[in-house]
A.B. asks: 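Sending over a structure as structure tokens; questions will come in a sec.
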Amino acid sequence: MSKYRLLLAAAIPAMLAAAPVSAKTLVFCSEGSPENFYPGVNTTGTSFDANSQIYSRIVDFERGTTKVVPGLAEKWDISPDGLVYTFHLRHGVKWQSNANFKPTRDFNADDIIFAIERQWKESNPYFKVTSSNHSYFNDMGMMKLLKSVDKVDDYTVKVTLNTPEAPFLSDLAMEYAGIQSKEYADAMLKAGTPEKLDQEPAGTGPFMLVQYQKDAIVRYKAFPEFWGGKAKIDDLVFAITPDASVRWAKLQKGECHVMPYPNPADLDAIRKDANVQVLEQPGLNIGYLAYNTTKKPFDDVRVRKAVNMAINKKAIIDAVYLSTGVAAINPIPPTMWSYNNQIKDDPYDPAAAKKLLAEAGYPNGFETDLWAMPVQRPYNPNAKRIAELMQADLAQVGIKAEIKSFEWGEYRKRAQAGEPQTVQLGWTGDNGDPDNFLHTLLGCAAAQNNGGNLAKWCYKPFDDIVVKAKSVSDQAERTKLYEQAQVIFKEQAPWFTIAHSVQLKPVRKEVVDFKLSPFGRHTFYGVDLK
Amino acid sequence: MLRFLVTRVSLIVPTFIGITLLVFVLTRLIPGDPIETMAGERGIDPVQHQRLIHEYGFDQPLFTQYGFYLFRLAHGDLGRSIVTHRPVIEEFASLFPATIELSLCAMLFAIGLGLPAGILAAVRRGSIFDHGVMAASLTGYSMPIFWWGLLLILLFSVLLGWTPVSGRIAVLYYVPSVTGFLLIDSLLSDQAGAFASALSHIVLPAIVLGTVPLAVIARMTRSAMLEVLGEDYIRTARAKGLSGFRIIAVHALRNALIPIVTVIGLQVGVLMTGAILTETIFSWPGVGKWLIEGINRRDYPVLQGGTLLIGGIVMAVNLLVDVAYGLINPRIRHSL
């Protein structure tokens, strides 16, 4: 009898070990590997997705919106002149630990100052660790914008700017501004392995990294001491699956719960699957054709208007975007605050276009180039096909367009240098602020060489408005300014606005409360499984 | 044998230098630079661009860059990835076991099926089996890997549910890396079901990757065997009353092996090329997918280092094949 008891005693733990794990594990079929675990030098959404689970930021975007809400800072004050931001930090925020780092203190102001100075000051010993290319920090203009960052006390930080910048809080809510531990950084520097800070991360976010195998898996565990409360799921797994059709096959089989970027060809089948729902939202993006307003004949607004009327936008949406795009009227997407609903799009009217061309001195049309990107982008599934459709439409009004394309890097370089007469490109918003579209893509500063204003359109009445809107902190007033800017944009027509692509996210039905991010990011805090 | 080995190894050195030069020049010929590619629609401030180009040394004349590259290479430094900023050798070492594991399984599948199929087709020349093997191998050889992989996933994973769709092991298992070979590590980990999961994950990718080598091996075995089976000594063996099996296995196959081994050796290169697509379809974390990403991101150090290491491995395997000739046919050793 005692022999049986012994066997039983040995067998029970073994059976328990082999039993299916009861923890709630959510599997996300991500599309690629993160570049590393330091968001400050990341350049891809894939990397931001992997890192935003681990790190918290001073402020955050409310899940599923572009609204800025408290993060590591509980509240903040802005001086009347818009130059000084005082952040009041949360108390009792715990750091995650790992094999290299066992925190001895909670998060405090030193960490905020370290995180900012690491990207800002070349004298910081971490400035060049991993990379000195703090891409988003630079692109958001932080280098020139920041005047000083001071610790008032352990839980108060004062940031002083050189000029007022209304989108500043939104800029700080972006993933690149994830906060790392100064204590961990110092320890790694002392140990002579500073790069470990960015390879074996420890943040204050809802999930802690357990395992990363390049091109295979990123495994996280819910951080029980997360300042916002423990996540509803216990484990989060990113199963790296680069091929869209394979992602769909895995979702279908239940091998993953959420997948990004479905293949348009699979959409019908996905929609028919009873176990899957497709979440949809117009993306925070725009695809456009920019007219180079410094080159003839596009320096004449009548020609630009005429071309706008000569192209059949609906045909492009139907043929190229299928169910994944909505016609764009304004340069900002309809989901963005300050979108002007009153503006009417230029009608498709080849006869009127011809008449306008004649008025502008081109009764027999003219010759132009028509640049098309060589790659598929989130806002434009097939630029070459769109260019072919445009070419056919333009031929109807006598305009002979020659389609041109280059290697992707070369294409952008030449386009930014102002080489083309007309060029297709697009934009995906970074921070949900209209400034990120209207000033970044259409302001005079961006019209200079190598700037993002491909129309090279520097129109003072418009520029004055968008520059002023940057310095006003009242959102209602900013809304009025941006609405006005959109009216001017439509009148002057520096672009033919093509479409805003729709973000589609197939999600299995057992997933509860997954919210689409307007930025196309994937956040799993707050998500549950049935 | 020593002389033979020394001659072969001495040939490797110029080949190796040739690869470094070719890869270096070819990567620089791809339009676009890595900094520009990383910037995306955002573009990059020209001053910042220039600073980074200078930091990576891309503003130096090409021959200076190549000189530095060779110098670092001589010191065992393959550089750091521009994207992940990790040492290339470290990334390669973490990914290569997955490629080896997949390639070995694919090769086992190809040899295990191709060799007997080719022998039987030769022995039963002109039969339905012979025609069947030839038709199947031609189809297998012509099958685009991408299409073939997706087709098998749809059939076996989605429709029949026999195999997992992709990956190396179910996410349920957390197998610590000991050897890097998951089939071995899963056994060592002592987790119930981990080995079965790893095995079920490798079946489809191994079949897909092994299909082209299988077709080539089957056809080569058939033709080599046909040639040998027509020889006088086979007729003599038959006349002596030896059993059919002994004639085929001992007298014919041994003599037919030289071209077959050559083809098997050459398939290593084919496997490496095929691995790039197979790994992408099956989300297999090997060096193939890593190189593709390297091309897309213009990650020069990854491209240079990865190609060089793979080139070195292919050369080493070919050397082993040459040594194997000597073992199979002593005349080759003696002729050198």
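Below, read A as the first sequence line, B as the second, and so on, with proteins coming before strands; counting in each chain starts at 1.
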A.B. asks: Given heavy-atom pairs under 4.5 angstrom as the criterion, report whether the side chain, backbone, both or neither of A:Glu35 touches chain B.
C.D. replies: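 When you check distances to chain B, atoms from both the backbone and side chain of A:Glu35 fall under 4.5 Å.
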A.B. asks: Give the C-alpha distance, both sets of side-chain angles, the deciding distance and a yes or no for salt bridge (Lys or Arg N to Asp or Glu O under 4.0 Å) between A:Lys214 and B:Glu293.
C.D. replies: CA-CA 12 Å; A:Lys214 191 174 161 57; B:Glu293 186 68 13; over 6 Å; no
A.B. asks: Nearest 0.5 Å, please: how far is NZ in B:Lys289 from CD1 in A:Ile240?
C.D. replies: 7.0 Å
A.B. asks: Do A:Lys250 and B:Ser166 come within less than 4.5 Å of each other through their side chains, counting heavy atoms only?
C.D. replies: yes
A.B. asks: Where does B:Ile153 contact chain A at under 4.5 Å (heavy atoms): side chain, backbone, both or neither?
C.D. replies: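 For B:Ile153, the side chain is the part near chain A, not the backbone.
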A.B. asks: Relative to chain A, which segment of B:Phe146 carries a heavy atom at a distance below 4.5 Å: side chain, backbone, both, or neither?
C.D. replies: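 The answer is the side chain of B:Phe146.
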A.B. asks: Walk me through whether B:Ser94 and A:Gln213 qualify under side chain to side chain donor-acceptor pair (under 3.5 Å).
C.D. replies: CA-CA 8 Å; B:Ser94 73; A:Gln213 197 196 343; over 6 Å; no
A.B. asks: Under a 4.5 Å cutoff for heavy-atom pairs, which residue among A:Val210, A:Thr241, A:Val41, A:Asn42 has the most contacts with chain B?
C.D. replies: A:Thr241
A.B. asks: Does the side chain of B:Ser283 pick up a donor-acceptor pair with the side chain of A:Arg247 at under 3.5 Å?
C.D. replies: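 The criterion, which ignores hydrogens and geometry beyond distance, is not satisfied for A:Arg247 and B:Ser283.
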A.B. asks: Could you tell me whether the side chain of B:Arg51 and the main chain of A:Asn133 form a donor-acceptor pair under 3.5 Å?
C.D. replies: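 No.
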A.B. asks: Quick check on A:Glu195 against chain B: is it the side chain, the backbone, both or neither that has a heavy atom closer than 4.5 Å?
C.D. replies: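 It is neither, since no heavy atom gets under 4.5 Å.
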A.B. asks: Answer whether the closest heavy-atom distance between the side chains of B:Val171 and A:Asp235 falls below 4.5 Å.
C.D. replies: no
A.B. asks: Measure A:Asp430 against the heavy atoms of chain B and call it side chain, backbone, both or neither at under 4.5 Å.
C.D. replies: side chain
A.B. asks: Look up atom OG in A:Ser131 and atom CG in B:Leu52, then write down how far apart they are to the nearest 0.5 Å.
C.D. replies: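 Answer rounded to 0.5 Å: 6.5 Å.
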A.B. asks: Calculate, to the nearest 0.5 Å, the distance between atoms OG and CD belonging to A:Ser33 and B:Glu91 respectively.
C.D. replies: 9.0 Å
A.B. asks: Between A:Tyr38 and chain B, which part of the residue has a heavy atom less than 4.5 Å away: side chain, backbone, both or neither?
C.D. replies: neither
A.B. asks: Taking every non-hydrogen pair under 4.5 Å, which of B:Arg168, B:Gln191, B:His49, B:Glu55 racks up the most with chain A?
C.D. replies: B:Glu55
A.B. asks: Quick one: what part of A:Thr44 sits under 4.5 Å from any heavy atom of chain B, side chain, backbone, both or neither?
C.D. replies: side chain
A.B. asks: Mind checking the CD1-CG spacing from B:Ile292 to A:Asp215? Nearest 0.5 Å is all I need.
C.D. replies: 11.5 Å
A.B. asks: Does a side-chain heavy-atom distance below 4.5 Å link A:Thr43 with B:Arg297?
C.D. replies: yes
A.B. asks: Using a heavy-atom cutoff of under 4.5 Å, enumerate the residues of residues 196-209 of chain B that contact chain A, numbered in order, or state 'none'.
C.D. replies: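 So far as heavy atoms go, nothing in residues 196-209 of chain B approaches chain A to under 4.5 Å.
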A.B. asks: For the interface with chain A, which of B:Ile82, B:Val158, B:Leu154, B:Ile35 has the highest count of heavy-atom pairs at distances below 4.5 Å?
C.D. replies: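 With the most close heavy-atom pairs to chain A, the winner is B:Val158.
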A.B. asks: Under the criterion side chain to side chain contact (heavy atoms under 4.5 Å, CB included), I'd like the reasoning laid out for B:Leu150 against A:Val246: C-alpha separation, chi angles, the key distance, then a yes or no.
C.D. replies: CA-CA 8 Å; B:Leu150 284 176; A:Val246 177; 3.9 Å; yes
A.B. asks: If you count heavy-atom pairs under 4.5 Å with chain B, which of A:Lys413, A:Arg219, A:Met373 comes out on top?
C.D. replies: A:Arg219
A.B. asks: Taking C-beta and beyond as the side chain, do A:Asp243 and B:Phe282 meet within less than 4.5 Å on heavy atoms?
C.D. replies: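 They are not in contact (no side-chain heavy atoms under 4.5 Å apart), so the answer is no.
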A.B. asks: Where on A:Phe238 is there a heavy atom nearer than 4.5 Å to chain B: the side chain, the backbone, both, or neither?
C.D. replies: neither
A.B. asks: Can you see which heavy atom on A:Gln199 is nearest to which on B:Arg86, and at what distance?
C.D. replies: NE2-CG, 3.8 Å
A.B. asks: What part of B:Pro176 gets within 4.5 angstrom of chain A, counting heavy atoms only: side chain, backbone, both, or neither?
C.D. replies: neither
A.B. asks: What part of A:Val237 gets closer than 4.5 Å to chain B, counting heavy atoms only: side chain, backbone, both or neither?
C.D. replies: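 Side chain only.
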A.B. asks: Distance from B:His85 atom NE2 to A:Lys128 atom NZ, nearest 0.5 Å?
C.D. replies: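 Answer for the NE2-NZ pair, B:His85 versus A:Lys128, is 13.5 Å.
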A.B. asks: Quick check on the structure: residues of residues 251-259 of chain A within a heavy-atom distance below 4.5 Å of chain B, by number.
C.D. replies: A:Gln252, A:Lys253, A:Glu255
A.B. asks: Working to the nearest 0.5 Å, report the span between CG of B:Leu172 and OG1 of A:Thr25.
C.D. replies: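 Separation between the atoms: 7.5 Å.
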